Amino acid sequence: MSPVFGHGRLRLYLLKLLEESPRHGYEVIRLLQDRFLGVYSPSPGTIYPRLARLEADGLVTHEVVKGKKVYSLTDKGRAELERRMDELAELEEEISASAQQFARQVQQDVRETVRSLREELTKAAREMRRRDRVASKEAWRETKERQKEEWRRHKEHWREQRAAWAREWRQNWEEAWRTATGTAEEVAHLKLERALRAFVEDVRESVGRTGLTEEGLAEIQAALEETAARIRTEILERCEE
Amino acid sequence: MSHWTIEESATLELDGVVALKATLVGGAINVLAAADRPTVVVEGVAGPPLQVDHEAGMLTIGHTRMLEGVLGWLRNQQARATVTVTVPPDCPVELNTISADAVVTGLSVRTSVRSAAGDVVLDGVGGRVDAGTVSGRIEAQGLNGTVSFTSVAGELTLAGGSIHRLSARTVSGRITADVALVKERTLTANTVSGEVALRLPETTSAEVHLSSATGRIDTAFPRLRQHDRTMARTVTGTLGTGEGSLTVNTVSGGITLLSRPVSDEERGLTDVPGEDE
């Protein structure tokens, strides 16, 4: 802030304000602020002592209206103002110049704010875009992982299937060979094996269709044991007799 | 009626100005609000003298007569002046310039600035604000009210402010705004190739519609959804209770919608429903 008031000029300007009309202290402060568009904003601590000094010098006088001191110019004060007219004109000119200076300040201030806002938003946008990109990359990686897992499971499944088929194929082949070449007993054993396997597969398939609970499993186990016992006691022992 | 013809520089003090209209070719025009007696300060007049008229409260400044013949002012490159005017805050102001920069601060009723190549700076202006340029930048801070910005190639930037309604349009200029929407809560921005970057408080309430034919759209508000269609990419959704409206359309310019945390003071002022639960 440039010192608009030096060398007793504030005093001169106060006289001018009071010459326009009688005013109280606060009004004087507000007028100064208005006139200097906020560039110069005097504090009450500056203005009230000055008014008191002017009064002591006999240039102004005050009367109390509604509890406030209202200052007005005395004849002596008017004479001083008259005497310093040239100086006042000069001061007014500088005040106008300060309006221009104020406008330039505003321009500069707004430009700086606007520039920093643009930079800030550009940076924020870039940051957001980068985050989005990372997020989408992660999402992509995740789906890729999931797919890979899926494929691995599929492959495993097919490998098992192939192995199972191969086993089945070999057994069938061996059976066929033996039924064609083996003794009667061997053939009977083979037939038993086939019946057992068919039984196991049948049960497994049924369970696979309906699902299995703990109780179900216990019952099945009991049924199997009972069957095995009956095979032993009712069929095989009778055969031995 | 008073009339002045200013050849070099002058300072005028006037009694009562109810409206200001200034027309300038080059140089600068500053309009400041002050509760004081209105003043006009003219400096650096080059070319034809500046005319100042004060009639029935209507203050007219400018190379008015030159504008009567369009070719007149185009031919004359040297028509310059620096003009600073202080008027009461409630004075409607209309400024027209060719290449002169304009600065307006503190006015509260009606401000209209048109410029071809000059830059426009607005600070703490309220009421209805209307600024348009061909290639000049429009830069504003702390606006309060209904704002309309138009430019062909100039950049529009609005830093801070409480906006009832903002409408911004450019062809190739960038639009940047960091504002809070109040009252009517309407923000519309249209560009062809200009980028649009907006930042709003995270508590903003509005129906949002962002659309661009080929530009990318980024938004920091998680409640908005993106739809990619063959002809355009759009982002739509509802923020808060959806009481406002936020519409951005571009052809090739990208759109960025950012959010910012709300300060405690702002929260107290705007009183957003459902915020304190």
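Lettering of chains follows the sequences in order, A, B, ..., and the numbering in each one begins at 1. Here the structure is a predicted model, which is why all the values come from computation and not from measurement.
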**Q** Check the side chains of B/Ser115 and B/Thr97 for a donor-acceptor pair under 3.5 angstrom, ignoring hydrogens and angles.
**A**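 Note: B/Thr97 and B/Ser115 side chains meet the donor-acceptor criterion.
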**Q** Side chain from CB out, backbone as N, CA, C, O: work out which of these in B/Ala28 comes under 4.5 Å of a heavy atom of chain A, or both, or neither.
**A**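 Contact with chain A is absent: no heavy atom of B/Ala28 under 4.5 Å.
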**Q** Charged N to carboxylate O below 4.0 Å: is that the case for B/Arg199 and A/Glu120?
**A**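 A salt bridge is present here (some side-chain N lies under 4.0 Å from a carboxylate O).
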**Q** Would you tell me whether B/Ser112 and B/Glu94 have side-chain atoms, one donor and one acceptor, within less than 3.5 Å of each other?
**A**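 Short answer, no.
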**Q** In terms of heavy-atom proximity below 4.5 Å to chain A, should B/Glu195 be classed as side chain, backbone, both, or neither?
**A**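 For B/Glu195, neither part sits under 4.5 Å from chain A.
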**Q** If only atom types and distance count, is the side chain of B/Thr170 paired as donor or acceptor with the main-chain N or O of B/Ser151 below 3.5 Å?
**A**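 Absent.
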**Q** Heavy-atom pairs under 4.5 Å with chain A are the metric here; pick the option from B/Asp101, B/Val85, B/Thr219, B/Val83 that has the most.
**A**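 Among the listed options, the one with the most contacts to chain A is B/Thr219.
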**Q** For chain A, which candidate among B/Thr105, B/Val104, B/Asp218, B/Asp123 shows the most heavy-atom pairs at distances under 4.5 Å?
**A**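 Looking at each of B/Thr105, B/Val104, B/Asp218, B/Asp123 in turn, B/Asp218 comes out on top.
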**Q** Hey, which of B/Val121, B/Leu198, B/Thr157, B/Asp119 has the most heavy atom pairs under 4.5 Å with chain A?
**A**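 The candidate making the most pairs under 4.5 Å is B/Thr157.
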**Q** Quick test of your reading of the model: are A/Arg84 and A/Glu80 salt-bridged, counting only N-O distances below 4.0 Å?
**A**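 Salt bridge flag = yes for A/Glu80 with A/Arg84.
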**Q** Check this for me, if you would: do A/Glu112 and A/Arg115 make a salt bridge, where the nitrogen-to-carboxylate-oxygen distance has to be below 4.0 angstrom?
**A**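 No.
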**Q** Is it the backbone or the side chain of A/Arg104 that comes under 4.5 Å from a heavy atom of chain B, or both, or neither?
**A**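 The answer is neither part of A/Arg104.
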**Q** Please state whether the side chain, the backbone, both or neither of A/Ser116 comes within less than 4.5 Å of a heavy atom of chain B.
**A**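 Neither part.
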